[in-house]
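Any value given below was found using the heavy atoms of this structure, including those in side chains, with hydrogens, waters and symmetry copies removed. In listed order, ligands and their atoms are each counted from 1.
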Amino acid sequence: MNIGIPAESLSGENRVASTPEVVKKLVGKGFAVRVEQGAGTAASYPDAAYQDAGAEIVDAAQCFAAELLLKVRRPSREEADRLQPGATLISLIESCGSVGSGDELAEQTVARGVHLLAMERIPRISRAQSMDALSSQSNIAGYRAVIEAAAHFGRFLPPMMTAAGSAKPARLVVLGAGVAGLQAIATARRLGADVHAYDVRPETKEQIRSLGAKAIELDIGEDGSGEGGYAKELSEEAKARQQQALADELAKAQVIITTALIPCRPAPELITPEVVERLRPGSVIVDLAAANGGNCKLTQPDQVVEHHGVRLIGHTNYPSMVATDASAFYARNLLNLLEIMVEQGESGPTLKDFEADEITQAMRITGG
Ligand code: NAD
């Protein structure tokens, strides 16, 4: 069986779905691996390293003719049309709901007999943790968001005592304490900031405190815990109560990192324009929800804007800014997934029936 690793075509995407280290393991399992020329260059994995690992360097057409395609981002229309009937694509498909609910590209691709497995659908169960790309990439996003905030902030994050004077630690608030938020808290603590954090799921308070941050407690009259460990959307009254209760906490902050998301729903608005106007000039907001409408409506996706002297940072692809490690984590997520998907046949490795395992069953985008 052959595997294709294409170059990512989306503008600004520096990651690649496999690394020479993982390719070597796939070749060891009996796969013939084709890597598109230059696929790993932006992530600092040169073609020669893939060749040394046993891969063949090919053009895009040869790569997309493979039986199994490993990708990072949802395919473009042109890429989807290149996939062969009977082939399998494993990628972040970034598709909400089942096919038939508006994802025309996925729907048509599945109708042509291509099997689509969405990495974002890997269930959040213990057995699938090593395959969970949302977690590996969110971790990186949380780390990189703090680095971005520190670079835009005209003050120190840690306390400083020097002969030329001293500085207090920056007051940094993290909103949303899921995977990205907890990593942001840990990174900001390591950089010496005075970290405060809030999440609508009450169980996160202990996790926030265990990282040395202070948990912000608000009474909004509703529990935000939803299914599968995710948050649920709040009622309109609770949303308004939350915005109001958060306002005074946020007005004291110098740096805010927001990570609040609800699966397949617009991001909740946690920072109103009025709150931004109450912040001190020079404050920084890094909005990790920028691609989903933002936790602050003033955020512009993929832009850095200023409002009343406050800088709002709306990058939408932090993992791509740490492309070498992000690719390495993603490649290992895929390798761990393939461990449960592959069986050795007489003529080499083949894929098992996707329905045979709850993980691949959940990942599958079906026609109905
Ligand atoms: P996510 O990216 O969907 O959301 C980020 C955070 O935003 C969540 O913590 C959510 O509660 C919070 N949020 C949503 N609305 C909010 C609001 N109005 N105000 C404040 N915060 C709000 O979440 P995620 O990082 O993917 O994690 C979701 C859950 O999955 C967590 O409970 C996490 O621990 C769990 N998880 C489990 C596994 C596993 O067991 N394999 C792996 C990864 C994550």
Side-chain angles (χ1 to χ4, degrees), residues 92 94 96 118-143 145 173-186 196-208 210-211 213 215-247 249-250 253 256-272 275 285-297 316-319 329 333 336-337 340 358-359 362-363:
L92 290 163
E94 302 156 51
C96 271
M119 286 297 277
E120 70 271 22
R121 294 188 179 197
I122 289 185
R124 255 94 192 256
I125 55 175
S126 305
R127 193 165 75 85
Q129 268 180 358
S130 65
M131 311 163 201
D132 185 349
L134 284 189
S135 289
S136 73
Q137 305 303 296
S138 291
N139 241 307
I140 294 170
Y143 157 80
V173 172
V174 176
L175 297 177
V179 181
L182 291 174
Q183 183 56 255
I185 294 169
H196 300 246
Y198 168 74
D199 196 291
V200 75
R201 292 179 295 116
E203 63 268 29
T204 56
K205 276 185 213 131
E206 251 343 282
Q207 297 161 3
I208 291 168
S210 73
L211 292 170
I216 297 172
E217 303 203 34
L218 308 177
D219 183 9
I220 57 166
E222 225 171 80
D223 181 346
S225 301
E227 279 174 25
Y230 288 105
K232 71 171 183 340
E233 196 164 18
L234 297 173
S235 66
E236 290 307 316
E237 301 78 59
K239 278 184 199 170
R241 272 198 296 271
Q242 187 184 46
Q243 278 179 359
Q244 207 173 7
L246 267 179
E249 284 293 337
L250 294 175
I256 305 175
I257 299 184
T258 80
T259 72
L261 289 170
I262 298 159
C264 293
R265 299 288 309 142
E269 183 184 6
L270 301 180
I271 311 174
T272 58
V275 166
I285 298 175
V286 176
D287 192 338
L288 258 77
N292 299 61
N295 291 140
C296 177
K297 295 293 168 226
T316 56
N317 193 353
Y318 287 96
F329 284 9
N333 289 146
N336 293 328
L337 172 67
I340 64 153
E358 62 176 324
I359 297 173
M363 292 174 73

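Of the protein's non-hydrogen atoms, the one nearest atom 20 (C) of ligand 1 is V200 N, 3.4 Å. Shortest contact from atom 43 (C) of ligand 1 to any protein heavy atom: S135 OG, 2.9 Å. Ranking protein heavy atoms by distance to atom 29 (C) of ligand 1, first place goes to G229 O, 3.1 Å. Scanning the protein heavy atoms around atom 4 (O) of ligand 1, the nearest turns out to be L261 O, 3.3 Å. Of the protein's non-hydrogen atoms, the one nearest atom 13 (N) of ligand 1 is A260 CB, 3.8 Å. Scanning the protein for heavy atoms near atom 5 (C) of ligand 1, the closest one is T259 O, 3.3 Å. In this structure, the protein non-hydrogen atom closest to atom 3 (O) of ligand 1 is Y230 CD2, 3.5 Å. Protein heavy atom closest to atom 25 (O) of ligand 1, with residue, atom name and distance, is V179 N, 2.7 Å.
Which of R265, R124, Q129 comes nearest to atom 44 (C) of ligand 1 through a heavy atom is settled by distance: it is R124. Evaluated by nearest non-hydrogen atom to atom 19 (N) of ligand 1, the leading choice among Q242, E203, M131 is Q242.
Residue contacts with ligand 1 for L134 are absent, since no atom lies close enough (heavy atoms, distance under 4.0 Å). When non-hydrogen atoms are compared, ligand 1 lies under 4.0 Å from neither the backbone nor the side chain of T204.
Atom 37 (C) of ligand 1 is flagged as protein-proximal [any protein heavy atom, distance under 4.0 Å].
Residue D199 has at least one N or O atom closer than 3.5 Å to an N or O atom of ligand 1.
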